[in-house]
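A short worksheet on the structure shown next.
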Amino acid sequence: MASPREHIDHIRKTTFSIGGEKNPLAPMLDQAVKYLSAELYAKDVHFLMELIQNAEDNEYLNGVDPSLEFVITSRDITATGAPATLLIFNSEKGFSDKNIESICSVGNSTKKGNRKRGYIGEKGIGFKSVFLITPQPVIFSNGYQIRFNEKPCPHCNLGYIVPEWVEENPSLSDIKQIYGSDLTLPTTTLVLPLKPDKVKPVKQQLSSIHPEVLLFLSKIKSLSVREENEDPRLNTVSEIAITKETNFRTRESMDAESYTLHLSAQENSTDEQDRECSYSVWKQKFPVKKQNKVEKRMEVNDWVITLAFPNGESLRRGMSLPGVYAFLPTEMVTNFPFMIQADFILASSRETILLDDKWNQGILDCVPLAFINAFVSLVKMREDAPVSSLPRLFQFLPTMSSHFPTFNAVRESIKINLAEEEIVPSESFTEQKFFHKPSETGRIMPAFWSVLNKAKKEGVRFHNLSSHGCYVLSSHFDDPKYDHALDFLGVGHVDNEWYARCIQSSRFVMGVSEDVYLQILLFVANNWRTKFCTTTMGDIPLIKYVDGDGSVSLCSINESAQKNSGRLLCQSHQTRYLSWLIDWNKEFGFVGNRFFLPKSTQEAIYSFSEKEVILQWLRVEVKVSKINLNVFAAIVTNHINDNRKNTIAYACFLYQSFIRGYLNEEEVDSLCGKMPLVDSYGHVTKERSGVLVPANGSKWVELIGSNPWREENYVELGEDYLHPACFAGTSTPEEKFYGIPYYSCQSF
């Protein structure tokens with residue numbers, strides 16, 4: 001087998017007739033080189049993408065991590081007078097004899113017909129794109145040390161493809177000094193002395209490499225860019241080191257798979273922390289339709305579409321983030337929440353895909369279905385992901401708009417298809433996930449979420465939350481920051497009746513603290529006129545009151561508000577005697593069918609931050625009357641009628657209220673003037689001119705026989721007033737009790 005140098009000498013002699021017989025195909029070769037020159041400079045080629053593409057198409061030995069490194073230096077190691085030199089290091093298998101012969105020819109690529117094997121380069125200029133930035137590229141690989149020159153060779157008058165062996169300038173030691181003298185050189189090194197007018201563009205391209213450049217490359221796992229100068233202060237290139245790792249690969253079907261891919265990037269050698277981002281990747285095959293076949297892809301039978309969803313902040317570099325990839329990023333920005341990768345046919349510059357190309361149109365027609373399948377898989381199939389991790393998949397949906405009509409059509413197709421998929425999670429208050437169509441799911445007001453969450457903390461269970469005619473959107477999604485995404489999906493709000501059904505069926509009014517109960521009332525009050533007054537909210541048991549046996553019961557808003565309902569609710573602003581009022585109201589048999597809000601509820605209202613809202617609503621809409629002790633006493637007077645027991649109790653009530661300071665002397669005096677009395681015959685009487693109060697133990701009734709002043713409307717107190725009394729849990733002694741009615745005549 002010939003050595004690398006012998007192989008190069010053979011090519012020079014037989015192909016280019018240098019030091020040998022003239023090649024009969026030389027005229028054809030000369031024409032091909034002229035065509036290459038014209039094609040090369042007519043195209044606006046992104047040389048950097050071409051080099052990365054070539055590295056991706058290279059072969060790598062097992063156990064070797066495919067890597068690509070760009071190092072730019074101001075050292076002129078080629079002795080060509082170049083102001084800067086770009087070195088590319090690639091850990092590939094290395095150039096073979098066939099690779100060398102291919103690079104020394106025109107249109108004889110080893111990649112021809114191998115697109116099915118994963119080659120991503122187009123048939124065309126390939127490696128020779130380096131002549132856009134360098135006049136004399138040098139290759140060191142597998143023992144080969146060769147240089148090419150864009151100027152015609154003096155021996156054969158051909159440029160670009162004639163190899164020349166390199167003895168020095170550069171040498172391997174020159175290259176190692178730049179790469180790192182203590183490091184092992186990768187198998188292949190390209191040395192590109194830059195044209196003076198290309199130094200700035202090259203540095204700009206190197207500084208703008210996107211970290212996502214590796215996203216859809218199947219081989220290369222790491223890529224780096226750095227500048228190496230004797231004086232580091234001369235460095236102007238933004239350094240970056242990108243690495244990629246793939247795991248969690250799952251076979252979804254025969255034609256689809258999903259996996260998680262991790263990228264990390266360190267943008268300066270002084271950075272201590274790498275920036276990282278993971279991507280959920282969906283890869284699916286679609287059969288190529290006959291009407292979309294093109295000559296460039298005639299051997300390809302399946303479109304492979306890959307979508308990548310960033311989990312968190314993308315590793316963007318610069319203002320825009322690539323949206324469309326043809327293995328490598330193009331300059332097309334879609335504003336989609338994911339990146340699209342497929343074997344698109346590109347414009348010659350690699351910057352855009354050809355939107356009017358029928359091959360590309362066929363791919364784009366499949367993107368909506370690929371997205372739907374990916375989205376459903378990401379949302380529903382990852383059982384390890386909690387519901388709280390899902391919203392980020394939704395939040396960028398509304399941003400899917402583009403100045404490209406083709407991508408807007410993709411967006412609308414995605415939107416239509418999403419409406420039929422069960423992808424929206426409902427709230428279950430458990431770790432279990434349930435999904436429904438967007439139109440079947442509803443949002444609830446933030447204030448009610450607050451009530452539910454507080455009630456849940458107090459032990460109330462809401463497993464039937466979605467059983468009131470609509471599935472409730474998961475609380476992790478029901479957030480204003482996802483408004484646009486939910487609108488995009490068509491997720492609306494639950495109807496107003498839902499709240500009434502929820503409050504009634506959940507039975508959490510009686511199972512929560514007074515604070516949470518007031519939050520419920522506040523929610524209803526704030527939305528009463530605008531949302532609830534015409535719903536069944538007014539018919540559900542919601543308002544607390546103390547019932548006949550002293551227990552707390554519930555009545556509806558409508559029951560309280562209707563005058564003919566038979567029940568009048570009351571509350572007092574004097575919290576110091578709430579229990580007193582409630583106890584005596586029960587003692588008097590709920591005079592006028594009046595019932596008080598519970599003491600704990602009233603106390604909570606007056607310490608509540610929004611008490612004015614609740615009090616106003618209770619007074620205006622629920623018709624809860626505000627009452628104090630004096631008013632209550634007057635009401636009792638008018639409802640005693642002929643009830644002897646209540647008449648006696650009323651006297652005790654006034655006395656006990658007076659000595660406790662709940663009623664003042666003036667109030668008691670006024671009330672006593674209207675107070676019914678039980679006379680010596682056991683009758684209840686309200687009309688009187690005065691009261692006869694016998695001395696304790698007096699026998700004057702026995703001596704006289706009857707009340708001689710009855711005709712003058714004087715009332716003689718009955719014996720009930722001569723005995724101790726106990727009402728509403730309070731005792732009134734004999735000597736205090738029978739003197740109370742004396743006040744009844746003081747105003748006459």
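Positions are given from 1 along the sequence.
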What do the steps show when you test Y662 against R576 for side chain to side chain contact (heavy atoms under 4.5 Å, CB included), and what is the final call? CA-CA 9 Å; Y662 298 157; R576 64 192 179 100; 3.6 Å; yes
Taking C-beta and beyond as the side chain, do [X] and [Y] meet within less than 4.5 Å on heavy atoms?
| X | Y | answer |
| --- | --- | --- |
| L597 | L618 | yes |
| R529 | E621 | yes |
| N643 | V684 | no |
| L581 | F596 | yes |
| S731 | C726 | yes |
| W584 | T730 | yes |
| I372 | L418 | yes |
| I503 | M537 | yes |

Please work out which of the three classes, parallel, tilted or perpendicular, describes the rings of [Y] and [X], given edges at 30° and 60°.
| X | Y | answer |
| --- | --- | --- |
| W498 | F448 | perpendicular |
| F632 | F653 | perpendicular |
| F309 | F338 | tilted |

Could you give me the CA-CA distance, side-chain angles and deciding distance for E458 and S513, then say whether side-chain hydrogen bond (donor to acceptor under 3.5 Å, both in side chains) is met? CA-CA 8 Å; E458 294 184 1; S513 65; 2.7 Å; yes
Rounded to the nearest 0.5 Å, how far apart are [atom1] of [X] and [atom2] of [Y]?
| X | Y | atom1 | atom2 | answer |
| --- | --- | --- | --- | --- |
| L518 | L522 | CG | CG | 8.5 Å |
| S426 | D478 | OG | CG | 12.0 Å |
| L521 | L615 | CG | CG | 10.5 Å |
| M445 | H493 | CE | NE2 | 8.5 Å |
| R501 | T536 | CZ | OG1 | 7.0 Å |
| Y545 | C555 | OH | SG | 6.0 Å |

Run Y499 and N527 through side chain to side chain contact (heavy atoms under 4.5 Å, CB included) and show every step you take. CA-CA 11 Å; Y499 294 96; N527 296 282; over 6 Å; no
Test item: side-chain donor near acceptor, [X] and [Y], under 3.5 Å:
| X | Y | answer |
| --- | --- | --- |
| S264 | E276 | no |
| H436 | T441 | no |
| S475 | E427 | yes |

Ring center gap for F523 and F532 short of 6.0 angstrom: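 Yes: the rings meet the under 6.0 Å criterion.
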Return the minimal non-hydrogen interatomic distance between [X] and [Y], and the atom names on each side.
| X | Y | result |
| --- | --- | --- |
| F508 | A455 | CD1-CB, 4.1 Å |
| V622 | S560 | O-OG, 2.7 Å |
| A374 | L307 | CB-CD1, 4.4 Å |
| V376 | E421 | CG2-OE1, 3.6 Å |
| P598 | I582 | C-CD1, 4.3 Å |
| Q504 | P541 | NE2-CD, 4.0 Å |

Is the number of heavy atoms from other residues, nucleotides or ligands under 6.0 Å of K645 NZ greater than 12?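 Buried by this count: over 12 neighbours within 6.0 Å.
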R660 atom CZ: more than 12 heavy-atom contacts under 6.0 Å: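 Counting neighbours around CZ of R660, more than 12 heavy atoms of other residues, nucleotides or ligands fall under 6.0 Å, so yes.
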Show, in sequence, the C-alpha distance, side-chain angles and deciding distance for V512 and K454, and conclude whether the side chain to side chain contact (heavy atoms under 4.5 Å, CB included) test is met. CA-CA 9 Å; V512 295; K454 288 179 180 179; over 6 Å; no
Verdict with reasoning, Y517 to F608, per ring pair (Phe, Tyr, Trp, His ring centres under 6.0 Å): CA-CA 11 Å; Y517 174 62; F608 192 58; over 10 Å; no
Go through it in stages, so that I can follow the logic: the residues are Y577 and N628, the test is side chain to side chain contact (heavy atoms under 4.5 Å, CB included), and I'd like the CA-CA distance, side-chain angles, deciding distance and then a yes or no. CA-CA 9 Å; Y577 53 65; N628 60 31; 3.5 Å; yes
Distance-only, no hydrogens or angles: does the S450 side chain make a donor-acceptor pair with backbone N or O of P446 under 3.5 Å?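 Pair absent, no side-chain N/O of S450 close to backbone of P446.
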Charged N to carboxylate O below 4.0 Å: is that the case for D583 and K599?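 No, this pair does not count.
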